[in-house]
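First listed ligand is number 1; within each ligand, the first listed atom is number 1.
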Amino acid sequence: MIDPFGRHVSYLRVSVTDRCDFRCTYCMAENMTFLPKKDVLNLEELEAITAAFIRKGVRKVRLTGGEPLVRKGIMALINSLGRYLQSGELDELTLTTNGSQLSKYSKELFQAGVRRINVSLDTLDPENFKKITRWGDINKVLSGLDTAQNAGLKIKLNTVAVRGGNDHELDDMVRWAGDRGMDITFIETMPMGAIDELRSDRFLPLSEVKENLAKNWTMTDSSHKTGGPADYVNIAETGQRVGFITPLSHNFCESCNRVRLTCTGMLYMCLGQNDNADLKKIIRSEGGVEALDAAIDEAIGRKPKGHDFIIDRQSDHIPAVARHMSVTGG
Ligand code: SAM
Ligand code: SF4
């Protein structure tokens, strides 16, 4: 699939649920209203749409959410998608998780063919962890990480940089990740969905984070590219990489190779735009595989050039994108 700007679309991210066992302050309000079940694709529908994308040339699928591992029956979907790895139609099946369920699922994930996962961890301090995630228990996440590594899963940490939230801990996180053989990627907060605090107060540009890290670490630019939006540096002292995802302070759209499917079957061609294609309507109608393929082609033909994110005082009360990150999947 090639979009109007000549970019190959080879990566599908699937949000399998909008629900989550955490309530991270930058992601959700504490009192969230979740989608009614009838609006959410069942596991067979999720698989059928994902299979259509694989037929059309998608080589990498990432499951996300909400928290993908709290979706009931999730291993059935992961196991069926794992068959496309065996057949060679898919290069990678992976997920982004908050880590709370890794003790339970790591072994099965590995058996299904998953080899690398992204785990979101914003702090190592149990009290701060409670503050940021509201409902999370850091011990569950840390033992989940151990289980995952013992099961053979390679882990990359994702850390959202929050001013006044975890900015004092980022050096410790680099050291901690390095000691455990994990790469770590820092992410700027994006203005998606209403939350209970002002985004402009909490926004921390990664240019500032990078400058501060450079005081303590020997960093050299890395040629490492994942096809994703992160720029990487090598850290001489730990031998690991640190990535920076800077949607706000640097535009990362030129090399975008991905589209996103929500758990309600809406296809978003850009994380930061509202245009979408309703694939649930198609899959629940009589059109069959041809109609689904045609709807996907039509949607890719509308993939926009980029996002228009901006965080400032004026935009504090009207986020650039009304839906939360947990709907489209981070
Ligand atoms: N629950 C899983 C997790 O936390 O990894 C998967 C879904 S979560 C929405 C995916 C990623 O998006 C996480 O790394 C999270 O920190 C990040 N995220 C959530 N809201 C964000 C926002 N407004 N700006 C930037 N990153 C955000
Ligand atoms: Fe849940 Fe992930 Fe959002 Fe945190 S960032 S509330 S873990 S979906």
Exercise. Non-hydrogen atoms of Gly66 versus ligand 1: any pair closer than 4.0 Å?
Worked result: yes
Problem set entry | ring-ring contact (aromatic ring centres under 6.0 Å, His included) against Tyr26, all qualifying residues, sequence neighbours excluded | none
For ligand 1 and [X], I'd like to know whether there is a polar contact (N/O to N/O, distance under 3.5 Å).
X	answer
Thr97	yes
Ile187	no
Tyr26	yes
Thr64	no

Exercise. Hey, what's the ring geometry for Phe244 with Phe186, parallel, tilted or perpendicular (30° and 60° as the breaks)?
Worked result: tilted
Exercise. If you measure from atom 25 (C) of ligand 1 to every heavy atom of Met28, Glu188, Arg19, which option wins on shortest distance?
Worked result: Glu188
Exercise. Using 4.0 Å as the upper bound for N to carboxylate O, is an ion pair formed by Arg284 and Glu45?
Worked result: yes
Exercise. Salt bridge between Asp125 and Lys130, side-chain N to carboxylate O under 4.0 Å?
Worked result: no
Going by the atom numbers of ligand 1, which of them fall below 4.0 Å from some non-hydrogen atom of [X]?
X	value
Gly65	7 (C), 9 (C)
Asn158	14 (O)
Cys27	19 (C), 20 (N)
Val160	16 (O), 26 (N)

Exercise. For ligand 2, which atoms, with element, lie under 4.0 Å from some heavy atom of Phe22?
Worked result: 6 (S), 7 (S)
For this session: Please identify which atoms of ligand 2 are closer than 4.0 Å to at least one heavy atom of Cys24.
Result: 4 (Fe), 5 (S), 6 (S), 7 (S)
For this session: Show the numbers, then the answer: is there a side-chain contact (heavy atoms from CB on, under 4.5 Å) between Val174 and Leu170?
Result: CA-CA 6 Å; Val174 167; Leu170 302 182; 5.7 Å; no
Exercise. Counting distance only, does the side-chain N/O of Lys280 pair as donor-acceptor with the main-chain N or O of Met266 below 3.5 Å?
Worked result: no
Problem set entry | Thr123 and its side-chain hydrogen bond (donor to acceptor under 3.5 Å, both in side chains) partner, picked from Glu169, Lys131, His168 | Glu169
Exercise. Do any N/O/S atoms of Cys27 come under 2.8 Å of atom 4 (Fe) of ligand 2?
Worked result: no
Exercise. Should the pair Arg59 and Tyr11 be classed as cation-pi, given the thresholds of under 6.0 Å to the six-membered ring centre and 45° from the axis?
Worked result: no
Problem set entry | ligand 2 contact by Ser120, heavy-atom criterion under 4.0 angstrom | no
Exercise. Do Thr96 and Arg62 have side-chain atoms, one donor and one acceptor, less than 3.5 Å apart?
Worked result: yes
